[in-house]
Amino acid sequence: MFEIKYFTVNPLQENSYVLINDKKDCIIIDPGYYYQNERDEFLQFIRDNGLNVARLLNTHCHFDHIFSNQLVAKTFNVGLEIHQKDQVVLDRASQSGLMYNIPFEPSPMPASYLEEGDKVILGEDELEVILTPGHSPGSISFYCAKQGFVIAGDVLFKQSIGRSDFPGGNLEVLTSSIREKLYKLPDETVVYPGHGPSTTIGFEKKHNPFVPEDPSTRFA
């Protein structure tokens, strides 16, 4: 069983996730630690809990989700894993950071690519990779059927959705990803987003004004 720990960090208040199994192995997802105190708190948490970092994953490669890719890769000797369609986003992430006056240490290149349907295995636990583009071309979500949760990046938020006006984004593709991929998950599935509080699939189907279950009630 995964224990889910998250830190809300950096100037964009991004949620960085640590998924820990019963043997104290863990998966790092979207390490957005930017300020030194955030990095120190994260590293201290790993040390204090005696964790072994086994995987480094990005839901997508916008700069606020990858600020500490290099830190995690170097410190724990793990390779980065992303979807190949987000390579172009990763390639220009440092430049994007400078445009927002937020410089950061460039991310390492991926050690491998994840594809839809892949299983991210950690001991007896697993995450299924779901391709959910629209916010970025290679956005992926990580679904744990056994525990009923999904790490959704910036695709679906509580009563909101991710932006689609960045390069490579597409609103029609984004809403299709939500409706055809995430809304197919059980209603009780907990959604852990890249920003803001958690929600559930069932709640969003009823209350999300941008992608309601009934399209006729869509926010205009």
Side-chain angles (χ1 to χ4, degrees), residues 1-83 86 90 93 104-115 118-130 138-155 189-199:
M1 296 284 285
F2 283 119
E3 175 189 348
I4 302 171
K5 168 71 175 179
Y6 72 92
F7 301 81
T8 301
V9 293
N10 76 44
L12 286 85
Q13 293 293 281
E14 180 261 356
N15 295 329
S16 297
Y17 290 92
V18 182
L19 274 54
I20 309 163
N21 74 4
D22 295 337
K23 296 183 178 179
K24 293 190 177 294
D25 294 323
C26 69
I27 298 171
I28 308 298
I29 302 179
D30 292 352
Y33 314 100
Y34 185 76
Y35 300 111
Q36 189 60 49
N37 67 301
E38 295 171 345
R39 293 176 165 223
D40 291 344
E41 181 184 1
F42 162 68
L43 294 174
Q44 191 66 45
F45 173 80
I46 298 295
R47 287 193 296 266
D48 286 350
N49 289 277
L51 302 181
N52 171 55
V53 176
R55 308 283 289 264
L56 168 60
L57 315 177
N58 287 159
T59 60
H60 65 293
C61 296
H62 288 148
F63 60 79
D64 55 319
H65 291 251
I66 69 168
F67 285 143
S68 283
N69 274 359
Q70 188 70 258
L71 172 70
V72 173
K74 282 184 176 179
T75 304
F76 303 108
N77 193 30
V78 290
L80 174 63
E81 301 173 67
I82 68 170
H83 193 280
D86 242 46
L90 184 67
F104 65 97
E105 186 178 19
S107 170
M109 288 296 102
S112 60
Y113 292 118
L114 296 166
E115 300 291 342
D118 282 353
K119 307 295 185 183
V120 176
I121 308 292
L122 189 70
E124 297 179 355
D125 299 296
E126 70 176 35
L127 303 170
E128 178 185 350
V129 177
I130 304 174
S139 286
I140 49 179
S141 299
F142 298 104
Y143 174 53
C144 181
K146 183 169 72 173
Q147 289 180 245
F149 71 82
V150 62
I151 309 288
D154 287 1
V155 176
T189 303
V190 177
V191 180
Y192 292 104
H195 303 268
S198 62
T199 183

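Any value given below was found using the heavy atoms of this structure, including those in side chains, with hydrogens, waters and symmetry copies removed.
How far OH of Tyr6 is from OG of Ser198: 6.0 Å, rounded to the nearest 0.5 Å. Here the straight-line distance linking atom CD1 of Ile20 with atom CG of Leu122 works out to 10.5 Å at 0.5 Å rounding. Note that CD1 of Ile151 is 7.5 Å distant from CG of Leu127, once rounded to the nearest 0.5 Å. Going from atom CD of Gln36 over to atom CG of Leu43 covers 8.5 Å, rounded to the nearest 0.5 Å. With rounding to the nearest 0.5 Å, the separation of CD in Glu126 from CG in Asp118 is 11.0 Å. One distance of note links CD1 of Ile82 with CG of Leu56; it measures 10.5 Å at 0.5 Å rounding.
Not counting sequence neighbours, the partners of Asp22 by the side chain to side chain contact (heavy atoms under 4.5 Å, CB included) test are Met1. For Ile4, the side chain to side chain contact (heavy atoms under 4.5 Å, CB included) test picks out Tyr17, Leu19, Phe149, Tyr192, with sequence neighbours left out. Take Gln44 and apply the side chain to side chain contact (heavy atoms under 4.5 Å, CB included) test, not counting sequence neighbours, and it matches Arg47, Asp48. With sequence neighbours left out, Asp125 forms a salt bridge (Lys or Arg N to Asp or Glu O under 4.0 Å) with Lys146. For Ser16, the side chain to side chain contact (heavy atoms under 4.5 Å, CB included) criterion is met by Val9, Glu14, Tyr33, not counting sequence neighbours.
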**Item:** CA sep, side-chain torsions, deciding dist, call: Phe142, Ile27, side-chain contact (heavy atoms from CB on, under 4.5 Å)
**Value:** CA-CA 11 Å; Phe142 298 104; Ile27 298 171; over 6 Å; no
**Request:** Mind running side-chain hydrogen bond (donor to acceptor under 3.5 Å, both in side chains) on Asn69 and Asn58 for me, showing each step along the way?
**Result:** CA-CA 9 Å; Asn69 274 359; Asn58 287 159; 2.8 Å; yes
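Listed for the Asp86 side chain is no donor-acceptor partner under 3.5 Å among the backbone atoms of His83. Judged by distance alone, with hydrogens and angles left aside, the side-chain atoms of Asn10 form a donor-acceptor pair with the main-chain N or O of Asp64 at under 3.5 Å. Counting only distance, with no hydrogens or angles, the side chain of Asn15 and the backbone of Gly196 share a donor-acceptor pair below 3.5 Å. In this structure, the side chain of Asp25 does not engage the main chain of Asn21 through any donor-acceptor pair within 3.5 Å. Although no hydrogens or angles enter the test, the distance criterion places no donor-acceptor pair under 3.5 Å between the side chain of His195 and the main chain of Asp154.
Of all heavy-atom pairs between Gly153 and Thr59, the closest is CA-OG1, 3.5 Å. Contact record, His65 with Gly194: CE1-CA, 3.9 Å, taken as the closest heavy-atom pair. Of all the heavy atoms in Val18 and Cys26, the pair that sits closest is CG1-CB, 3.9 Å.
Two residues are said to be in side-chain contact when any heavy atoms from C-beta on lie closer than 4.5 Å; Leu12 and Phe63 meet this criterion. Two residues are said to be in side-chain contact when any heavy atoms from C-beta on lie closer than 4.5 Å; Val190 and Gln147 fail this criterion. Within the 4.5 Å cutoff, the side chain of Phe2 has heavy atoms near those of the Cys144 side chain.
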Name each donor-acceptor pair under 3.5 Å that joins a side chain in residues 70-78 to protein atoms two or more places apart or in another chain, with its distance.
from  : atom 1 : to     : atom 2 : distance (Å)
Gln70 : NE2    : Pro106 : O      : 3.0
Lys74 : NZ     : Glu105 : OE2    : 3.2
Thr75 : OG1    : Leu71  : O      : 2.7

